[in-house]
Undergrad: 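Dumping the structure here so I can ask a few things about it.
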2 protein chains.
Amino acid sequence: MNSQDVILGLLMKGGLSGYDIKHRLESIFSYFYNASYGTIYPTLNKLEKEGFITKMSVIQEGRPNKNVYTITEEGRAQFSTYLKSPIEPNEFKSDVMTRMFFGEFLEKDVMLGMLEDHLQKARDNLNRLTDMYQACMPGMSPTQEICIQIGISNSKSVIETLSQGIERLKKTNEK
Amino acid sequence: MNSQDVILGLLMKGGLSGYDIKHRLESIFSYFYNASYGTIYPTLNKLEKEGFITKMSVIQEGRPNKNVYTITEEGRAQFSTYLKSPIEPNEFKSDVMTRMFFGEFLEKDVMLGMLEDHLQKARDNLNRLTDMYQACMPGMSPTQEICIQIGISNSKSVIETLSQGIERLKKTNEK
DNA sequence: GTGGACATGTAATCTGTTACATGATTCA
DNA sequence: TGAATCATGTAACAGATTACATGTCCAC
């Protein structure tokens, strides 16, 4: 899975600009994939050259013009090839957890501050996801719903486990 | 956080070879970080050139020789710098979840097969983590314990949410 | 006139993986 | 003799990010 597959997927339901794609990725998608403009625009150009999408310049009023890309039949076939390819394992990389792993080399109060901070981020993330769930709920496909439910339950489990861990750490601190 | 930081961290408690490091990463670490030999060996050479670690050739009986690397004072200082640097956000990339997101473009039975498969992998992963928890439990630092507890509770939450999702999907299939 | 949303793009760089290449030693 | 484990390394490539560069249009 790479940016090409994801972009083709996003175009399956209608034309989008690079800017639109970035915003889609940031909202719905951000939990399990992301890409920067430095990836999106070159990928769109590449996909157009390969005939998987076509470009249309759209003149807008009150805004700069934009390039709206539409998927072609070849593009749909290509996306279908991706969907049938072997699934790649999840990739997860966590700086916070790495620091927790090496926690014995850091002062306890610094570590506690770090964990509290991370906990707050997890709470914010949970709120973001539940808001999104509420907002998108009616229009979501069954598997999209599973997707966001996994995100939500994962967030909850991190919050719970981390809170308990912090409390335990604080107690060892008192000694 | 990159391979340099992680390798220095692993050397904080004693000398290791590249091969040892790979195995450490695969066992304890694999939940939140990983690296290939193609990263480990060049990184070790780079760290040695920079004076953060020193190499010692160890002649073994019944096995090929190996290079054991030891962290220097400069290396410890460098690792400490990492621990005090701003925390980078988690990175998560999931092919399965991307496919779930685009589930409407895939036949239901194919999707179900994919999800069952993923569920099994999640169960295997949970078993691996709980075994590791049992095995390493006495020697773990408090924050290491939090680390693995988060891994375990996340695995459990994925299994539960996914199982329920699969059941729901099956019902919509019958209609 | 300035900040912010909208909009597109490139060059340099980073960081890593994969595939290849080699070789010792043990055990069945 | 061949597979498995131990052990090290490199070259080609992939895939992305960051920083830079540019510009429109609106509202304050």
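In what follows, every chain begins at residue 1, and chains take the letters A, B, ... in the order their sequences are listed. Hydrogens, waters and symmetry mates are skipped; everything else that's a heavy atom, side chains included, is used.
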Undergrad: What integer distance in Å separates A/E26:CD from C/dC6:C1'?
TA: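 These atoms are roughly 13 Å apart.
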Undergrad: Whole-Å distance between C/dT22 C1' and B/Y19 OH?
TA: 15 Å
Undergrad: Nearest to the side chain of B/N67 - D/dA7, C/dG9, D/dT8?
TA: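 Shortest atom-to-atom distance from the side chain points to D/dT8.
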Undergrad: Tell me, please, which residues at least two apart from A/E48 pass side chain to side chain donor-acceptor pair (under 3.5 Å).
TA: none
Undergrad: Want to settle it: does A/N45 or A/K66 sit nearer the 5' end of DNA chain C, counting the closest nucleotide to each?
TA: A/K66
Undergrad: For A/E91 and C/dT15, what is the distance between atoms CD and P respectively, to the nearest whole Å?
TA: 16 Å
Undergrad: Can you list every salt bridge (Lys or Arg N to Asp or Glu O under 4.0 Å) pair that touches residues 19-39 of chain A, not counting sequence neighbours?
TA: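 Output for this query lists A/D20-A/K66, A/K22-A/E26.
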Undergrad: Using side chain to side chain contact (heavy atoms under 4.5 Å, CB included), reason through B/E50 and B/E74 one step at a time and then give a plain yes or no.
TA: CA-CA 9 Å; B/E50 293 173 334; B/E74 293 82 50; over 6 Å; no
Undergrad: For A/E88, is there an ion pair with B/K93 - N to carboxylate O distance below 4.0 angstrom?
TA: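 Result for this pair is no, no salt bridge flagged.
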Undergrad: Under 3.5 Å between N/O atoms: give me all the protein pairs with nucleotides 14-19 of chain D, atom names plus distance.
TA:
residue	atom	partner	partner atom	Å
D/dA16	OP1	A/S3	N	3.4
D/dA16	OP1	A/Y33	OH	3.1
D/dA16	OP2	A/S3	OG	3.0
D/dT17	OP2	A/S36	N	3.1
D/dT17	OP2	A/S36	OG	2.7
D/dT17	OP2	A/T39	OG1	2.6

Undergrad: Write down the distance between NZ (B/K22) and P (D/dT8), rounded to a whole number of angstrom.
TA: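 It works out to 14 Å between those atoms.
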Undergrad: Figure out the CG/P separation between B/L47 and D/dT8, and round it to whole Å.
TA: 15 Å
Undergrad: Is any NZ, NE, NH1 or NH2 atom of the basic residue among A/D124 and A/R128 found under 4.0 Å from an Asp or Glu carboxylate oxygen of the other?
TA: no
Undergrad: Within this structure, what is the NZ-to-P distance between B/K46 and D/dG9, rounded to whole angstrom?
TA: 16 Å
Undergrad: Measure the distance from CZ on A/F92 to P on C/dG16 and round it to the nearest whole Å.
TA: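 Value for this atom pair: 16 Å.
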Undergrad: List in chain and number order the residues that pass salt bridge (charged side-chain N to carboxylate O under 4.0 Å, His left out) with A/E116, two or more places apart in sequence or in another chain; answer none if no residue qualifies.
TA: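 For A/E116, the residues satisfying salt bridge (charged side-chain N to carboxylate O under 4.0 Å, His left out) (neighbours in sequence not counted) are A/K170.
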Undergrad: Which residues pass the side chain to side chain donor-acceptor pair (under 3.5 Å) test with B/Y37, sequence neighbours left out?
TA: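 Partners of B/Y37 by the side chain to side chain donor-acceptor pair (under 3.5 Å) criterion come out as none, since no residue qualifies.
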Undergrad: Could you tell me if the side chain of A/V158 sits less than 4.5 Å from the side chain of A/N125, heavy atoms only?
TA: no
Undergrad: Give the rounded distance in Å between these two atoms: CD of B/E48 and C1' of D/dG9.
TA: 14 Å
Undergrad: Assess whether a salt bridge exists between A/D117 and A/K121, defined as any Lys/Arg side-chain N lying under 4.0 Å from an Asp/Glu carboxylate O.
TA: yes
Undergrad: Please enumerate all protein N or O atoms sitting under 3.5 Å from an N or O of nucleotides 23-28 of chain D, with distances to 0.1 Å.
TA:
residue	atom	partner	partner atom	Å
D/dC25	O3'	A/G62	O	3.3

